[in-house]
Amino acid sequence: MINDTPRVRFAPSPTGYLHVGGLRTALYNYLFAKKNNGSFILRIEDTDRARYVEGAVENLLTTMKWVGLDYNEGPDKPGEFGPYMQSERLDIYREHINNLLDARKAYYCFCTPERLTQLKEEQQKQKLPQAKYDKHCLSLSKAEIENKLKNNESHVIRLNVPPTETISFDDIIRGKVEFSTNVVDDQILIKSDGYPTYHMANVVDDHLMKITHVIRGEEWLSSTPKHVLLYKFLEWELPQFAHLPLLLNADKSKLSKRQGDVAVEDYKSKGYLKDALNNFVALLGWNAGDDQEFYYMDELIEKFSLERVNKSGAVFNLEKLNWLNGEHLKKLSNDVILELFKNELASSELKNTNYSDDTLLLIIDQMKERVATVKEFISEAPYLYSRPNSYDEVFSSKVWKDNSAALLTDLIEIINESEIIDKDDYETCLKATAEKNSVGIGKLMGPFRLALSGVGHGPGVYDIANIIGKDEVVERIRVVIKTLSL
RNA sequence: GGCCCCAUCGUCUAACGGUUAGGACCUCGCCCUUUCACGGCGGUAAUAGGGGUUCGAAUCCCCUUGGGGUCACCA
């Protein structure tokens, strides 16, 4: 066997951001490594120069750190098997491609894009089941090749796939998978710009980096026979494969940008907690076999196993993420939430206002029970920070009666005469007003809430009053009387 | 279209031949509460279809259907 301790890797291409599907793949790799005392390696697959994105790698590293997926080796964490950027390993691929070339397991191809397009069109016209390269350049003589190379003719190097062989491999998640080589194309291994394609680079690197388990998304399953062939040609031992089920849009297609946020940083900026995100994503395709849904990272590590990963795709369900984030939020101490809250305030339109920690803590106590994210402390209860600029019509028509203005006028007077120390004092005032007018306190409650928040839901009225303070309470009552008595 | 993968409530899932098919999110109802929530209790809701195998099938096999992935000098 290859291993005593497993070595796994997460190998994203730097497209600009970390995709949540990528996060799930990275997480499973991480959990598997930690669980089995193995190593988790981060390797950057940046062999596509056309798709080079400025700052993408830095961004990726930052996001990996934010979600807490520490790697043992990576671009900024040198290890024994570096470099960990594929663009810095070109000479390594060159060496191995030469071996392949010598053994005629790979060959130069000088076909022009035009010929290739034409070939494809013809094959489609003939209704061939599958378009494949016709091995045209395989018959080139050594001299012809030398000559073309000397003349600097543009070329690629292709994998020489043998006909009519069965490629099979065992997938930890899917079991035995088989392909006929008749359906695998002579894959380009080295592009005309001299860079390797994914297929070449990932096989070489996985071998050289002593990767024991290749844990990646299911979209790679159908190109795995090419990889298996490469291992065979290079006479290298096969790693174990585990192809993870895909993360899906609501319509069950592969999770994509078009249908919502897919970048981890989007979720970060929307106020989701890293623990909640990890927890949620971990459960998309895996469960421990019990009813536990709330996890911290250490518990995930303890319970994770590839054997319990599902085969079928999972819809990325925002509602459940919201719930989980709320659960994680509630478990946080108010001190921690206070810091998060202050950060949110600083990046909101409220950044120029000043609130005491005491006030903020009052808001936290009220809001953390009823929101999904800290951001919603603000968005769901704007009336805690500023006077309502309108009154909800449905709620208003329900609670605003003919005598409401008169009752509230009395209430103002009583509040003004009272010493207000905490929220219970507002209740006392409402009761006194109700008694004085011989009505139930319910007659006051609705109009009072309407005055303070303008809407029919939110924290308890006394809590709202307590948060905004006596002067503001009185002022808001005045405003609602003035506005609705017209 | 070829190839490959997949198939339990709307969604995430449990069940590894014998359960009234369980849990969670969502949703609905009731209780609590002279407000809003929280909380508590309860409800609606699933084995895609058809054949086998078996005393017994969500579970094993086959077919059909459906969905997805992949067929680039992108990963």
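To find a chain, count down the sequence lines: A is the first, B the second, and so on, and within it residues start at 1.
- The residue A:Ser192 sits close to a base: some heavy atom pair falls under 4.0 Å.
- No hydrogens or angles considered: nothing links the side chains of A:Asp205 and A:Tyr84 as a donor-acceptor pair under 3.5 Å.
- The side chain of A:Lys120 contributes an N or O atom lying less than 4.0 Å from OP1 or OP2 of B:A72.
- Taking the six-membered ring for Trp and thresholds of 30 and 60 degrees, A:Phe294 and A:His328 have nearly parallel ring planes, at less than 30 degrees apart.
- Neither side chain, A:Lys443 nor A:Asn437, offers a donor N or O lying under 3.5 Å from an acceptor on the other.
- Between the side chains of A:His243 and A:Arg174, not a single donor N or O lies within less than 3.5 Å of an accepting N or O.
- Nucleic acid contact class of A:Asn310 (heavy atoms, under 4.0 Å, all strands): sugar-phosphate only.
- Taking only side-chain nitrogens and oxygens, A:Arg449 never comes nearer than 4.0 Å to OP1 or OP2 of B:U34.
- Using a 4.0 Å heavy-atom criterion, one finds that A:Val315 contacts the sugar-phosphate atoms exclusively.
- Taking atom C1' in both B:U13 and B:C26, one finds a spacing of 15 Å when rounded to whole Å.
- The A:His457 side chain lies nearest to B:A37 when the options are B:A75, B:G23, B:A37.
- The distance from atom NZ of A:Lys330 to atom C1' of B:A37 is 10 Å, rounded to the nearest whole Å.
- Residue A:Gly456 is in sugar-phosphate contact alone, with no base atom involved, counting any heavy-atom pair closer than 4.0 Å across all strands shown.
- The base of B:A7 has none of its N or O atoms less than 3.5 Å from a complementary donor or acceptor on the side chain of A:Lys311.
- The pairing partner recorded for B:U20 is none, the criterion being a Watson-Crick or G-U wobble arrangement whose two distances lie under 3.5 angstrom.
- Look at the P atom in both B:U65 and B:U53: the space between them is 23 Å, to the nearest Å.
- Relative to the side chain of A:Glu218, the nucleotides B:G68, B:G23, B:C73 differ in distance, and B:G68 lies closest.
- Between A:Glu307 atom CD and B:A14 atom P there is a gap of 14 Å when expressed in whole angstrom units.
- Salt-bridge check for A:Glu427 with A:Lys423: failed, with every basic side-chain N at 4.0 Å or more from each acidic carboxylate O.
- Residue contacts shown for A:Glu45 are limited to sugar-phosphate atoms, with no base heavy atom under 4.0 Å away.
- The base-pairing partner of B:G2, taking Watson-Crick or G-U wobble contacts with both distances under 3.5 Å, is B:U70.
- Among the heavy atoms of the strands, none lies under 4.0 Å from A:Arg158.
- Of the candidates B:C38, B:C73, B:U70, the closest approach to any side-chain atom of A:Glu219 belongs to B:U70.
- Judged by distance alone, the side chains of A:Asp422 and A:Asn466 never bring a donor and an acceptor atom under 3.5 Å apart.
- Remark: A:Lys191 is in phosphate contact with B:A75, judged by side-chain N or O atoms under 4.0 Å from OP1 or OP2.
- Within 4.0 Å of A:Arg174, counting heavy atoms only, lie sugar-phosphate atoms of the nucleic acid but no base atom.
- Comparing A:Tyr462 and A:Lys176 by the nucleotide of RNA chain B that holds the closest heavy atom to each, the one mapping nearer the 5' end is A:Lys176.
- Side-chain atoms of A:His19 come within 3.5 Å of backbone N or O of A:Gly21 as a donor-acceptor pair.
- Base contact: A:Ile441 has a heavy atom under 4.0 Å from a base atom.
- The list of salt bridge (charged side-chain N to carboxylate O under 4.0 Å, His left out) pairs with a residue in residues 156-168 of chain A, not counting sequence neighbours, reads A:Glu165-A:Lys232.
- Using a 4.0 Å cut-off between a side-chain N of Lys or Arg and a carboxylate O of Asp or Glu, A:Lys132 and A:Asp185 do not qualify as a salt bridge.
- Going from atom CZ of A:Arg370 over to atom P of B:C38 covers 8 Å, rounded to whole Å.
- Non-hydrogen atoms lying under 4.0 Å from RNA chain B are contributed by A:Phe179, A:Val183, A:Ile188, all within residues 179-189 of chain A.
- The distance between atom OH of A:Tyr198 and atom C1' of B:C71, rounded to the nearest whole Å, is 16 Å.
- The nucleotide whose nearest atom lies closest to any side-chain atom of A:Ala314 is, among B:A75, B:U13, B:A15, B:U13.
- Whole-Å rounding puts the A:Trp323 CH2 to B:G39 P distance at 11 Å.
- Among residues two or more places apart in sequence or in another chain, the side chain to side chain donor-acceptor pair (under 3.5 Å) test is passed with A:Arg308 by A:Asn287.
- Using a 4.0 Å heavy-atom cutoff across all strands shown, A:Glu178 reaches sugar-phosphate atoms only and no base atom.
- Between the OH atom of A:Tyr93 and the P atom of B:C73 there is a distance of 19 Å, rounded to whole Å.
- A:Val203 is not listed as a side-chain neighbour of A:Tyr93, based on a closest heavy-atom distance of 4.5 Å or more.
- Checking the phosphate oxygens (OP1, OP2) of B:A14, a side-chain nitrogen or oxygen of A:Asn287 falls inside 4.0 Å.
- The side chain of A:Arg51 lies closest to B:C74 when the candidates are B:C74, B:A75, B:C25.
- A:Lys252 places its NZ atom 12 Å from the P atom of B:A48, with the value rounded to the nearest Å.
- A close approach under 4.0 Å does not occur between any side-chain nitrogen or oxygen of A:Ser453 and OP1 or OP2 of B:C36.
- If A:Pro129 and A:Leu248 are placed on RNA chain B by their nearest nucleotide, the residue sitting closer to the 5' end is A:Pro129.
- OP1 and OP2 of B:G67 both lie 4.0 Å or more from every side-chain N or O belonging to A:Lys254.
- Rounded to whole Å, the P atom of B:G29 lies 14 Å from the corresponding atom of B:C36.
- The side chain of A:Val177 lies closest to B:C4, out of B:C4, B:A75, B:A7.
- Side chain of A:Leu221, nearest nucleotide from B:A75, B:A24, B:C4: B:C4.
- Comparing B:A14, B:A75, B:G23 by their nearest atom to the side chain of A:Lys320 picks out B:G23.
- Put simply, CG on A:Asp463 is 12 Å from C1' on B:C38, counting in whole angstrom units.
- At the heavy-atom level, A:Gly460 lies under 4.0 Å from base atoms of the strands shown.
- Residue-level contact check: A:Pro14 touches neither bases nor backbone, having no heavy atom under 4.0 Å from any strand.
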